[in-house]
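Structure record follows, encoded as structure tokens.
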Amino acid sequence: VGIDRVGFEGTGAATAIVLHSQPASSLAAGPARGGTYRYTLSSGRFTALQADLDPPVFLFHAIADADALFERGQWREAIAAYERAIADRTLRDWKFENGRGASRDALVSYALFRVAVAAAASGDDANPAIDRVIREAKEPVFLNAAEAFRKGYQERESVTGGCLEATRYLATTGAGIDTPGYVQRLMDHGYANPQFTYRDICPL
């Protein structure tokens, strides 16, 4: 990662060093983001690193930002962030650009699925969002997961019930079938980025 800007903020004990790094990446690490890193003065030394990442240029990172809101239970904010990622065609497909196959359809399908789960978790009727996954998702594994989620959601009348059914489907293995491995490969964007297992898709 290359530092392209260095600056100072404040004076005396309130002094902070502010660095901006350019994104650097490799096929193994996956797509990277630039960011601003702030070191504050504490006991005579610069410590307490704070990082503010640059706005995403890759679709994967935009969805990762939405995932962070989802994980904090900020359902409506997460839905809005997933919707922005789905709609923004300027966000780049890192896998496609690096000869690893297109990932946009998989990432959009995953985002549609997460919108449905977040809608259910927020207390809204999730059925319209589930219908949308089934109608629009181009990656079958998330379409099937949405159908399984609906089954559990309706039968158990809970988001947890929906996620149990979806995760049961995503755990499917058998002769020539390795759904957990498929999901992991589908979502893999290098070791420097969030790693997914089938249990992470619907964790509620």
Side-chain angles (χ1 to χ4, degrees), residues 56 58-97 100-174 176-189 194 196-204:
F58 292 106
L59 176 59
F60 180 82
H61 288 147
I63 289 175
D65 289 348
D67 282 344
L69 295 166
F70 182 100
E71 288 161 12
R72 292 196 293 269
Q74 296 175 245
W75 309 122
R76 300 201 186 283
E77 294 89 344
I79 289 169
Y82 286 125
E83 294 288 8
R84 286 194 299 272
I86 290 166
D88 189 348
R89 298 291 299 183
T90 68
L91 291 167
R92 293 156 52 190
D93 183 339
W94 182 85
K95 282 191 174 182
F96 178 76
E97 291 182 7
R100 301 183 64 184
S103 65
R104 184 175 301 277
D105 286 350
L107 293 174
V108 167
S109 299
Y110 165 79
L112 289 167
F113 176 78
R114 277 295 187 104
V115 166
V117 177
S122 75
D124 289 346
D125 177 8
N127 284 296
I130 295 170
D131 289 340
R132 183 181 173 205
V133 183
I134 294 166
R135 187 174 62 250
E136 297 182 15
K138 295 181 180 179
E139 171 48 60
V141 75
F142 295 118
L143 186 157
N144 296 337
E147 291 178 331
F149 179 84
R150 192 203 305 267
K151 178 176 182 291
Y153 175 63
Q154 292 179 339
E155 290 179 355
R156 296 179 176 85
E157 298 183 343
S158 71
V159 181
T160 299
C163 278
L164 284 170
E165 284 295 327
T167 303
R168 183 176 290 120
Y169 158 70
L170 293 167
T172 303
T173 58
I177 299 171
D178 178 14
T179 310
Y182 179 74
V183 169
Q184 194 162 2
R185 290 189 299 274
L186 198 65
M187 300 299 289
D188 177 36
H189 277 69
F196 290 80
T197 73
Y198 73 95
R199 291 188 179 92
D200 300 318
I201 303 303
C202 196
L204 301 183

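One is the number of the first residue; the rest follow in order along the sequence.
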Those residues at least two apart in sequence (or on a different chain) that pass side-chain hydrogen bond (donor to acceptor under 3.5 Å, both in side chains) with T90 are D88

In short, salt bridge (Lys or Arg N to Asp or Glu O under 4.0 Å) pairs touching residues 67-80 with sequence neighbours left out are D67-R114, R76-D124

So disulfide bond (SG atoms under 2.5 Å apart) across residues 126-158, not counting sequence neighbours, yields none

Sequence neighbours excluded, the answer for side-chain contact (heavy atoms from CB on, under 4.5 Å) partners of D105 is K138

| task | Check whether any side-chain heavy atom of L143 sits under 4.5 Å from a side-chain heavy atom of E136, and report yes or no. | result | no

| message | Just so I know, are the side chains of P180 and T173 near enough to count as touching, which here means a heavy-atom distance under 4.5 Å? | response | yes

When every non-hydrogen atom of P56 is compared with those of A62, the smallest separation belongs to CB-N, 3.7 Å

Sequence neighbours excluded, the answer for side-chain contact (heavy atoms from CB on, under 4.5 Å) partners of A118 is F70, W75, I79

Review point. Quick one: are V183 and T197 in side-chain contact, heavy atoms under 4.5 Å?
Key: no

_Would you say that more than 12 heavy atoms from the other residues, nucleotides or ligands in this model lie under 6.0 Å from the CZ of R135, or not?_
yes

Closest heavy-atom pair, A85 versus I63, reported as atoms and distance to 0.1 Å, is CB-CG1, 3.9 Å

Quick one: does any side-chain atom of S103 pair with a main-chain N or O of A106 as donor and acceptor, under 3.5 Å? no

Sorted by chain and number, sequence neighbours left out, salt bridge (charged side-chain N to carboxylate O under 4.0 Å, His left out) with E147 holds for none

Correct closest heavy-atom pair for A126 and A120 would be CB-CB, 3.6 Å

Exercise. How are the rings of W94 and H189 set relative to one another: parallel (under 30°), tilted (30 to 60°) or perpendicular (over 60°)?
Worked result: tilted

Contacts of R104 meeting salt bridge (charged side-chain N to carboxylate O under 4.0 Å, His left out) (sequence neighbours excluded), chain-then-number -> none

request  = Determine whether R150 and N127 make a side-chain contact, defined as any pair of heavy atoms from C-beta on separated by less than 4.5 Å.
outcome  = yes

Check your understanding: Would you say the side chain of L186 lies within less than 4.5 Å of the side chain of F142, judging by non-hydrogen atoms?
Key -> yes

side-chain contact (heavy atoms from CB on, under 4.5 Å) filter on A102, not counting sequence neighbours, yields D93, F96

Contacts satisfying side-chain hydrogen bond (donor to acceptor under 3.5 Å, both in side chains) that involve residues 177-188 (not counting sequence neighbours) are E139-Y182

**Q.** Whether F149 and Y153 hold their rings parallel, tilted or perpendicular, with breakpoints at 30° and 60°
**A.** parallel

By side-chain contact (heavy atoms from CB on, under 4.5 Å), R168 pairs with (sequence neighbours left out) R156, E165

Hits for side-chain hydrogen bond (donor to acceptor under 3.5 Å, both in side chains) against Y169, two or more places apart or cross-chain, chain-then-number order -> N144

Contacts of R199 meeting salt bridge (charged side-chain N to carboxylate O under 4.0 Å, His left out) (sequence neighbours excluded), chain-then-number -> none

